[in-house]
Participant: 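Mind having a look at this structure? Questions to follow.
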Amino acid sequence: MGVESADDILDFFEVDDFADTATYTRVGGSAASVNGIFDAPQASRGATDLMEITIPSPQFVCRTADVPLAADGDEIIIRSVAYNVRVVLTDGTGVSTLILEKV
């Protein structure tokens, strides 16, 4: 059983299918284009028995090879909206999920 390479994973992030191209900038670094899947789900939480609050929870899933040094505070622009990276989750298979906060 083999592990997929960064090139094999690239097929999942084709812009022609369902991925977006974003502009990623490390703190103190230069901007680079990166393909990934953007999702902006709304998480609902019960604040009380009578009230729920909705919390935006945007995230960008991409190849770890495209953002190998991703860290809290980096910036990513997706669909002309700027976000700061708040959490970087890597799954060990070459895919990273960036948890974002709108600037």
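Computation of the quantities below employed the complete heavy-atom set of this structure, encompassing side-chain atoms and omitting hydrogens, waters and symmetry-equivalent molecules.
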Participant: May I have the list of side-chain donor-acceptor pairs in residues 74-81 shorter than 3.5 Å, sequence neighbours left out?
Facilitator:
from  : atom 1 : to    : atom 2 : distance (Å)
Asp74 : OD1    : Val27 : N      : 3.0
Asp74 : OD2    : Tyr24 : OH     : 2.5
Asp74 : OD2    : Arg26 : NH1    : 3.4
Asp74 : OD2    : Ala71 : N      : 2.9
Arg79 : NE     : Asp20 : OD1    : 3.4
Arg79 : NE     : Asp20 : OD2    : 3.3
Arg79 : NH2    : Asp20 : OD2    : 2.8

Participant: Could you tell me which non-hydrogen atom of Ala31 sits nearest to which non-hydrogen atom of Thr23, and how far apart they are?
Facilitator: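 Scanning both residues, the minimum pair turns out to be CB-CG2, 3.7 Å.
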Participant: Kindly write out the residues that satisfy side chain to side chain contact (heavy atoms under 4.5 Å, CB included) with Thr64, not counting sequence neighbours, or none if the list is empty.
Facilitator: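 Residues passing side chain to side chain contact (heavy atoms under 4.5 Å, CB included) with Thr64: Thr90, Ser96.
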Participant: Could you walk me through whether Val67 and Phe60 pass the side-chain contact (heavy atoms from CB on, under 4.5 Å) check?
Facilitator: CA-CA 11 Å; Val67 292; Phe60 189 76; over 6 Å; no
Participant: At what distance, to the nearest 0.5 angstrom, does CG of Leu98 lie from CD of Gln59?
Facilitator: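 Interatomic distance, Leu98 CG to Gln59 CD, rounded to 0.5 Å: 9.5 Å.
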Participant: To which residues is Leu69 joined in a hydrophobic cluster, defined by side-chain heavy-atom contacts under 4.5 Å among Ile, Leu, Val, Met, Phe, Trp and Tyr, whether direct or through other members?
Facilitator: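 For Leu69, no cluster forms, as it stays isolated from other hydrophobic side chains.
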Participant: For the residue pair Thr93 and Ile9, what are the closest heavy atoms and their distance?
Facilitator: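 What the structure gives for the nearest pair is O-CD1, 3.0 Å.
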Participant: Can you pull the salt bridge (charged side-chain N to carboxylate O under 4.0 Å, His left out) pairs that have at least one residue in residues 90-103, sequence neighbours excluded?
Facilitator: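 Sorted pair list: Arg86-Glu101.
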Participant: Of all the heavy-atom pairs spanning Cys62 and Gly36, show the shortest one and how long it is.
Facilitator: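 Minimum heavy-atom separation between Cys62 and Gly36: CB-CA, 4.2 Å.
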Participant: Hey, what else clusters with Val87 if you join Ile, Leu, Val, Met, Phe, Trp, Tyr whenever side-chain heavy atoms sit under 4.5 Å?
Facilitator: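 Under the 4.5 Å side-chain rule, Val87 groups with Leu89, Ile99.
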Participant: Could I get the full list of ring pair (Phe, Tyr, Trp, His ring centres under 6.0 Å) partners for Phe13, not counting sequence neighbours?
Facilitator: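 Ring pair (Phe, Tyr, Trp, His ring centres under 6.0 Å) check on Phe13 returns nothing, list empty.
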Participant: Under the side-chain hydrogen bond (donor to acceptor under 3.5 Å, both in side chains) rule, collect the residues that match up with Thr25, sequence neighbours excluded.
Facilitator: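 Partners of Thr25 under the side-chain hydrogen bond (donor to acceptor under 3.5 Å, both in side chains) test: none.
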Participant: State yes or no: do Tyr83 and Val61 share one hydrophobic cluster built from I, L, V, M, F, W and Y residues joined by side-chain heavy-atom distances below 4.5 Å, directly or via other members?
Facilitator: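 Different clusters: Tyr83 never reaches Val61 through Ile, Leu, Val, Met, Phe, Trp or Tyr contacts under 4.5 Å.
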